[in-house]
Amino acid sequence: MNVNPDAKMTNFVAEPRATDAEALKRSILEKLAYAVGKDPGHATVRDWATALALAVRDHVVDSWFESTRRGYSAHRKRVYYLSMEFLIGRLLNDAVANLQLETAAREATKALGVDYDSLVVQESDAALGNGGLGRLAACFLDSMSTVGIPAYGYGIRYEHGLFRQRFHDGWQVEEPEDWLVSGHVWEFERLEVAYPIKFGGHISFDGQGHTYWHAEETVLAVAYDTPITGWKGVHVNTLRLWASKPVEVLDLRRFNHGDYVSAAEKSIKAETISRVLYPDDTTPEGKELRLKQEYFFTSASLQDLVRRYLSEFDDIRLLPEQVAIQMNDTHPAIAVAELMRILADEHGLAFPEAFEITRKCLSYTNHTLMPEALERWNVGLFRRVLPRHMQIIEWIDYHHLAEVQGRNVSVSLDAIRIIEHGSEIKMGNLAFVGSRRVNGVSALHTDLMKQTVFRDFHSLYPDRIVNETNGITPRRWLYECNPGLRKLLVDSIGDGWVDDLEKLSAIVPLATDSAFRDKFSVAKRANKVRLANEIEKRIGLKVDPSALFDVQIKRIHEYKRQLLNILETIALYQAIRRTPGAEWTPRVKIFAGKAAPGYHMAKLIIKLGNDVARTINSDPIVGDRLKVAFLPNYNVSLAEIIIPAADLSEQISTAGMEASGTGNMKLALNGALTIGTLDGANVEIGERVGPDNIYIFGLTADSVADIRTRGYNARATIEGDPTLKAAIDAMVAGEFSPDDHGRFHQIADRLYNTDWFLVTADFQAYFQRQRDVDLDYRDATRWAERAILNTAQVGWFSSDRTIRGYAKDVWGVETT
Ligand code: 26Q
């Protein structure tokens with residue numbers, strides 16, 4: 001609000017800001033004095049870090065204002081990316097790199113007597129996500145800014161992101177994460193941008209076409225904005241996260257009665273909604289708070305975008321011309337009903353028209369085929385929390401089924417119903433019915449979607465499902481995290497690849513150029529030394545940087561098969577002990593990843609990994625031939641250290657189960673060779689790097705499906721594979737758990753009796769492929785050549801390419 005209504009509102013236009021070291025230094029000193037309130041003589045490292053970030057932030061804000069104004073004046077269609085998760089990581093170095101301020105920032109800090117790299121790590125890693133889905137949302141924001149799409153990311157400003165992981169005696173222990181304690185310089189609080197979010201209560205109709213929702217509870221969603229800079233700062237978009245606040249801070253009536261504690265009750269309850277991120281589990285439980293979170297941020301985001309639209313245009317029916325809304329998985333799928341509610345109940349449209357408009361605005365990205373992992377809500381719970389939305393969903397389901405029945409086509413109505421047996425809402429089906437486009441995240445995953453979960457939908461709407469293979473931002477995942485390789489690339493082919501990653505193919509001929517190869521190896525070596533130091537610092541284990549660094553970093557899940565890798569580690573250990581004098585290729589197995597706190601099997605696998613690591617690392621017979629490092633608290637910042645140092649990338653999920661994977665792309669881009677199954681995007685990586693530069697093994701998705709329908713006899717496989725049998729036997733005999741021999745019996749039971757993830761079926765092929773790796777790694781020249789060919793040929797996996805695909809096939813927006 002303008003304080004003086006007669007004062008003329010003008011835009012603030014900054015003087016062009018100097019980008020040299022001297023100017024930056026002056027700005028840092030000013031921030032230190034006037035924003036941090038410190039004299040250089042008394043400033044802590046954290047104070048300097050804040051001052052530097054604030055100085056850099058001014059540059060970001062200049063571009064931010066400029067591109068926001070450009071978007072408004074051109075009336076361009078906007079993209080709204082709705083995601084429960086944004087795994088942003090740290091922002092300082094990212095902003096510095098994108099704005100090309102690195103040299104200046106290093107010089108300026110040096111002149112002030114502080115070290116740039118130690119300032120960068122002061123920032124807490126914003127861990128507002130679990131894994132791939134959250135990081136994808138972050139990469140997409142980066143790319144939407146880089147390709148110049150006016151976009152908003154919408155999510156929740158969790159007070160506590162994903163838990164911090166510690167190992168106690170090798171067991172995972174979860175600790176609360178507290179990223180906001182020391183402030184977050186990148187966000188702007190917008191207390192005036194607040195929307196009421198209603199829950200519960202009942203619905204009434206006035207007989208004149210009006211519907212009223214008498215809520216039982218109302219909270220406020222308050223906006224916090226973070227600017228997201230694209231390459232060279234040309235375009236900056238906004239990540240808008242919502243925090244829940246009470247409508248009134250204190251219940252005055254109770255307060256005046258001296259009842260101080262209960263006077264604050266409601267406000268505490270309101271703030272609970274954005275308190276903590278839910279860890280993803282194997283089977284999501286229908287928890288009321290989770291439903292409230294989903295509705296909370298979806299409703300706030302839709303109210304916000306409708307308000308923005310109506311500030312520029314007056315006909316609500318033309319909303320789809322200006323707005324494309326992307327639902328990242330089903331977590332925001334309530335948007336289908338909420339947008340209809342806004343259009344019908346608040347803007348007076350009839351349901352059929354409201355539905356048509358809704359479906360033109362929304363699209364849905366699916367990230368899993370596992371039926372048990374698709375969200376469902378109990379109808380009773382749902383009706384209690386969102387009574388109006390329940391009515392709307394019933395309307396959609398009824399009319400959709402009626403329309404399909406009228407078409408006289410042969411589909412299973414049960415497969416396309418939104419409400420199942422009158423008792424559960426299938427959010428995947430709601431999202432599908434309410435979307436213009438539905439996409440998978442790799443070619444294989446999209447094909448399987450058409451054949452499995454959405455088979456009947458696909459036959460009804462053959463144009464709705466499209467593929468948009470995932471990608472990663474080359475800014476964070478090469479330019480920033482791998483300065484050595486970056487320099488080599490820039491020196492060799494310029495910096496055009498940073499926003500046009502397929503230009504990396506220009507280094508294909510250099511793979512056989514010995515000078516280039518040597519420099520490539522020197523860069524890799526430096527990254528490995530850096531990681532070796534980090535391993536020693538974090539877990540006290542010394543590793544040799546000349547060993548093969550074999551990396552599996554991702555959430556711990558049975559389908560991702562860390563267990564397969566651990567069993568292979570045991571088998572290799574046993575082989576080394578049998579003939580320590582043979583020619584072994586020294587290897588360091590590096591694991592990192594968190595398990596959902598309630599996922600018992602995943603946590604036991606972590607314990608097994610740690611027990612095996614302790615046993616091997618302390619065995620003098622093995623020495624440096626094999627070391628195992630399980631690093632705690634995997635997050636974006638740790639990934640940025642591990643990935644550039646990897647030689648081998650483990651992508652070994654049961655075929656058909658990993659929707660895409662994106663770690664596979666990050667590792668290949670940084671010159672790691674993949675050992676993997678034909679799953680997710682591994683298939684497409686293999687097509688690009690060629691069969692000689694990737695180690696593919698194991699069952700295909702088709703054969704997995706076959707075996708599962710025919711019934712699989714794991715026991716017979718184990719009995720017929722002495723290497724595997726010996727590894728499992730050692731685990732069962734307590735060789736790695738002398739204090740508790742029975743500790744891993746459950747794991748063995750699973751392997752013998754069901755082995756749903758077909759670990760035993762793929763073991764032999766995997767073990768053999770690893771021995772190929774051993775042999776190949778001994779030829780350092782040839783290995784470097786193949787590593788270079790990986791970097792050179794995976795440029796297609798840039799998220800800039802993915803975003804251009806969405807812009808064209810899904811959103812109908814222009815890129816620059
Ligand atoms: C659902 C309900 C209740 C609580 C939590 C959840 C929940 C949270 C997070 C369910 C799933 C997730 C995350 C899923 C995820 O990260 N999927 C990954 O998405 C990547 C990006 O598309 C793919 O590359 C991976 O293959 C896929 O596993």
>> Within the 3.5 Å criterion, strictly below it, is a donor on T469 or E684 matched to an acceptor on the partner's side chain?
In response: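 T469 vs E684: donor-acceptor pair found between side chains.
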
Sequence neighbours left out, what passes salt bridge (charged side-chain N to carboxylate O under 4.0 Å, His left out) with [X]? Give chain and number order.
X	result
D647	K528
E558	R750
D495	K232
E687	none

> Side chains of R708 and T654: does their closest heavy-atom pair fall under 4.5 Å?
Replying inline: yes

> Is there side-chain contact between Y712 and W756, with heavy atoms separated by less than 4.5 Å?
Replying inline: no

Could you tell me whether [X] and [Y] make a salt bridge, using a distance below 4.0 angstrom between a side-chain N and a carboxylate O?
X	Y	value
E640	R476	yes
D550	K589	yes
D762	R561	yes
E534	R530	no

Closest non-hydrogen atom pair, [X] against [Y]:
X	Y	result
T700	A655	C-CB, 3.5 Å
E123	G89	OE2-O, 4.5 Å
A571	A727	N-CB, 4.3 Å

Give me each pair satisfying salt bridge (Lys or Arg N to Asp or Glu O under 4.0 Å) with a member in [range], each pair once, sequence neighbours excluded.
range	value
residues 132-144	D142-R475
residues 651-668	K560-E658
residues 607-617	K607-D611, D611-R614, D611-R743

> Relative to each other, are the rings of F591 and F630 parallel, tilted or perpendicular (30° and 60° limits)?
Replying inline: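 Plane angle under 30°, so parallel.
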
>> With side chain to side chain donor-acceptor pair (under 3.5 Å) as the rule and sequence neighbours excluded, what pairs involving residues 482-492 come up?
In response: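 Checked against side chain to side chain donor-acceptor pair (under 3.5 Å) - neighbours excluded - the pairs reaching residues 482-492 are E102-R486, N482-N527, N482-N670, K487-D491.
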
>> Among residues at least two apart in sequence or on other chains, which ones pass side chain to side chain donor-acceptor pair (under 3.5 Å) with T446?
In response: N467

> Does any pair with a residue in residues 472-517 pass ring pair (Phe, Tyr, Trp, His ring centres under 6.0 Å), and if so which ones, sequence neighbours excluded?
Replying inline: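 Qualifying pairs: W231-Y479.
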
>> Applying ring pair (Phe, Tyr, Trp, His ring centres under 6.0 Å) as the test, list every pair that has at least one member in residues 520-557; sequence neighbours left out.
In response: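 Passing the test, one end in residues 520-557: H557-Y559, H557-Y599.
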
> Does K594 count as lying over the ring of F163, i.e. NZ or CZ under 6.0 Å from the six-ring centre, within 45 degrees of the axis?
Replying inline: yes

>> Holding to side chain to side chain contact (heavy atoms under 4.5 Å, CB included), I want the full list of residues that pass it with D776, two or more places apart in sequence or in another chain.
In response: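 D776 satisfies side chain to side chain contact (heavy atoms under 4.5 Å, CB included) with Y695, W783, R786 only.
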
